[in-house]
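Have a look at the structure below, then the notes.
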Amino acid sequence: EIREENLSDPSEKTFCNVAESRLFCVSLQLICKRPSVLQYINIMWPSPSDTPKFRNMIIKKSEFSISSPSVVRCPEDNKLEFAFIGRSNVGKSSLINMLCNHKGLAKTSAKPGKTLLINHFIINNEWYLVDLPGYGYATTSKTMRNKLEQMIAQYVLQRRQLANLFVLIDIRHDQQLIDREFIDWLGESNVPFSIIFTKADKLSGGRAKSNALQWMKKLEDRWAELPPYFITSSEDKTGREEVLDYIEEIIQGIENQEAE
């Protein structure tokens with residue numbers, strides 16, 4: 001069942017508090033926004049808990065490709081893109097470096113809010129990992145916040161190569177309104193996404209899992225079905241294999257559909 005309310009224009013700055021079920025499925029509405037994946041109408045993004053194992057993703061090569069001030073300046077080829085986004089100081093750069101096993105690939109900083117461009121990294125010469133600017137950094141000027149919000153919205157809604165958006169959440173904290181509004185907005189906009197909880201090493205194993213479950217359960221007030229999620233740590237590489245295998249499953253699903 002899809003729960004509907006009055007929908008506002010998804011291109012507006014304000015995030016909508018509406019979500020649909022099966023958001024990791026390529027729906028007709030999403031395909032209209034990304035015509036290049038029209039042939040993938042029957043693909044459903046796999047859930048990590050109930051899908052058969054594909055071959056493991058092995059990253060042999062990861063390199064910086066380009067930084068773009070807007071979506072129209074992003075690479076023009078048709079390689080699939082897996083983007084990462086989250087609130088400032090959520091550990092995004094550290095997670096990217098951990099996933100690629102490449103220290104220094106994404107620049108980390110003691111001062112949050114340093115990612116101000118759309119950063120593309122080419123992985124195995126096959127697909128792009130995309131580092132998007134963070135949201136919710138309060139000390140950024142209003143002009144800059146508006147610019148970043150527009151940049152993020154245009155990329156998420158218009159980038160036809162986007163295969164999956166990973167939304168990063170600090171597992172130590174309760175659900176924050178800005179994260180919830182952003183996730184609900186993704187749902188209303190039919191964007192395929194998954195949730196990555198970061199910094200699990202800061203909590204005991206049992207508490208990390210409990211926090212993640214509680215966070216996800218709070219989505220049930222509007223969500224008929226929950227999106228996939230992963231628990232990770234950049235320090236001890238918890239969740240690395242699961243996230244990379246999930247990316248591989250999506251890539252193989254698209255490749256298999258193309259071959260039919």
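Here, residue 1 is the first one in the sequence, and each next residue gets the next number.
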ask   = Could you state the interatomic distance from CG (L80) to CD (Q161), rounded to the nearest 0.5 Å?
value = 8.5 Å
ask   = Any side-chain donor-acceptor pair under 3.5 Å between Y246 and S194?
value = yes
message = Testing I183, L226, L165 one by one against I195 for a side chain to side chain contact (heavy atoms under 4.5 Å, CB included), which residue passes?
response = I183
inquiry  = Looking at every heavy atom in both K199 and N89, which two are closest together, and how far apart are they?
reply    = NZ-O, 3.0 Å
query = When rounded to the nearest 0.5 angstrom, what distance separates CD in E248 from CD1 in I59?
reply = 10.0 Å
ask   = Do L162 and P192 have side-chain heavy atoms sitting under 4.5 Å apart?
value = no
message = Please report the interatomic distance CD1(I122) to CD(E63), rounded to the nearest 0.5 Å.
response = 8.5 Å
request  = List in chain and number order the residues that pass ring pair (Phe, Tyr, Trp, His ring centres under 6.0 Å) with H120, two or more places apart in sequence or in another chain; answer none if no residue qualifies.
outcome  = Y128
key: In one Ile/Leu/Val/Met/Phe/Trp/Tyr side-chain cluster, 4.5 Å: V167, L213   = yes
request  = Measure the CD-CD1 distance between E242 and I231 for me, rounded to the nearest 0.5 Å.
outcome  = 10.0 Å
inquiry  = I need the minimum non-hydrogen distance between W223 and G187, along with the two atoms involved.
reply    = CH2-CA, 4.3 Å
query = Between CE of M216 and CD of Q175, what distance do you get to the nearest 0.5 Å?
reply = 9.0 Å
task = Would you please test L157 and W185 for side-chain contact (heavy atoms from CB on, under 4.5 Å) and show each step?
result = CA-CA 11 Å; L157 297 177; W185 174 75; 3.9 Å; yes
inquiry  = Within the structure provided, determine whether D236 and S233 are in side-chain contact (heavy-atom separation under 4.5 Å).
reply    = yes
ask   = Any side-chain heavy atom of S234 sitting closer than 4.5 Å to one from T198?
value = no
message = Can you confirm whether L148 sits close enough to Y135 that some side-chain heavy atom of one is under 4.5 Å from a side-chain heavy atom of the other?
response = no
request  = Report yes if some heavy atom in the side chain of C74 is under 4.5 Å from a heavy atom in the side chain of I118; otherwise report no.
outcome  = yes
query = Hey, are Y155 and E81 close enough side-chain-wise for a donor-acceptor pair under 3.5 Å?
reply = yes
key: Linked, directly or transitively: I250 and I58 (ILVMFWY side chains, under 4.5 Å)   = no
key: Non-hydrogen atoms of P227 and L219 that approach each other most closely   = CD-CD1, 4.2 Å
query = Under 4.5 Å between any side-chain heavy atoms of P133 and L117, yes or no?
reply = no
query = Going through the distances and angles, do R172 and D201 end up as a salt bridge (charged side-chain N to carboxylate O under 4.0 Å, His left out)?
reply = CA-CA 10 Å; R172 299 173 297 176; D201 58 286; over 6 Å; no
query = Is the shortest heavy-atom distance from the side chain of D179 to the side chain of R87 under 4.5 Å?
reply = yes
request  = Check L244 against M57 and note the closest heavy-atom contact, atom names and distance.
outcome  = O-CB, 3.2 Å
task = Answer yes if L186 and I178 sit in the same cluster of Ile, Leu, Val, Met, Phe, Trp and Tyr residues linked by side chain heavy atoms under 4.5 Å apart, and no otherwise.
result = yes
inquiry  = Can you pull out every side chain to side chain donor-acceptor pair (under 3.5 Å) where at least one residue sits in residues 207-219? Sequence neighbours excluded, please.
reply    = S210-Q214, K217-E220
request  = Applying side-chain contact (heavy atoms from CB on, under 4.5 Å), run through I169 and I196 and close with a yes or a no.
outcome  = CA-CA 6 Å; I169 303 292; I196 292 182; over 6 Å; no
request  = Taking only Lys NZ, Arg NE, NH1 and NH2, and the carboxylate oxygens of Asp or Glu, determine whether D174 and R180 approach each other closer than 4.0 Å.
outcome  = no
task = Starting from the C-alpha separation in whole Å, work towards a yes-or-no answer on side-chain contact (heavy atoms from CB on, under 4.5 Å) for D184 and E181.
result = CA-CA 5 Å; D184 285 349; E181 288 181 341; 5.8 Å; no
inquiry  = Under 3.5 Å, is there a donor on one side chain and an acceptor on the other for R160 and N78?
reply    = yes
ask   = With the 4.5 Å side-chain cut-off for hydrophobic clustering, are M144 and V71 part of the same group?
value = yes
note = So CG of N97 and OG of S94: to nearest 0.5 Å the spacing works out to 6.5 Å
inquiry  = Go through it in stages, so that I can follow the logic: the residues are K92 and D131, the test is salt bridge (charged side-chain N to carboxylate O under 4.0 Å, His left out), and I'd like the CA-CA distance, side-chain angles, deciding distance and then a yes or no.
reply    = CA-CA 8 Å; K92 177 161 53 69; D131 182 6; 2.4 Å; yes
query = With side chains defined as the heavy atoms from C-beta onward, is the minimum distance between K202 and I171 less than 4.5 Å?
reply = no
task = Let me see the working for E149 and N146 under side-chain contact (heavy atoms from CB on, under 4.5 Å), right down to the final yes or no.
result = CA-CA 5 Å; E149 288 174 359; N146 291 340; 4.1 Å; yes
key: ring pair (Phe, Tyr, Trp, His ring centres under 6.0 Å) partners of residues 75-99, not counting sequence neighbours, each pair once   = F82-W127, F84-F166
request  = In sequence, state the C-alpha distance, the side-chain angles, and the governing distance for K79 and E126, and then conclude on salt bridge (charged side-chain N to carboxylate O under 4.0 Å, His left out).
outcome  = CA-CA 7 Å; K79 291 183 176 65; E126 295 175 350; over 6 Å; no
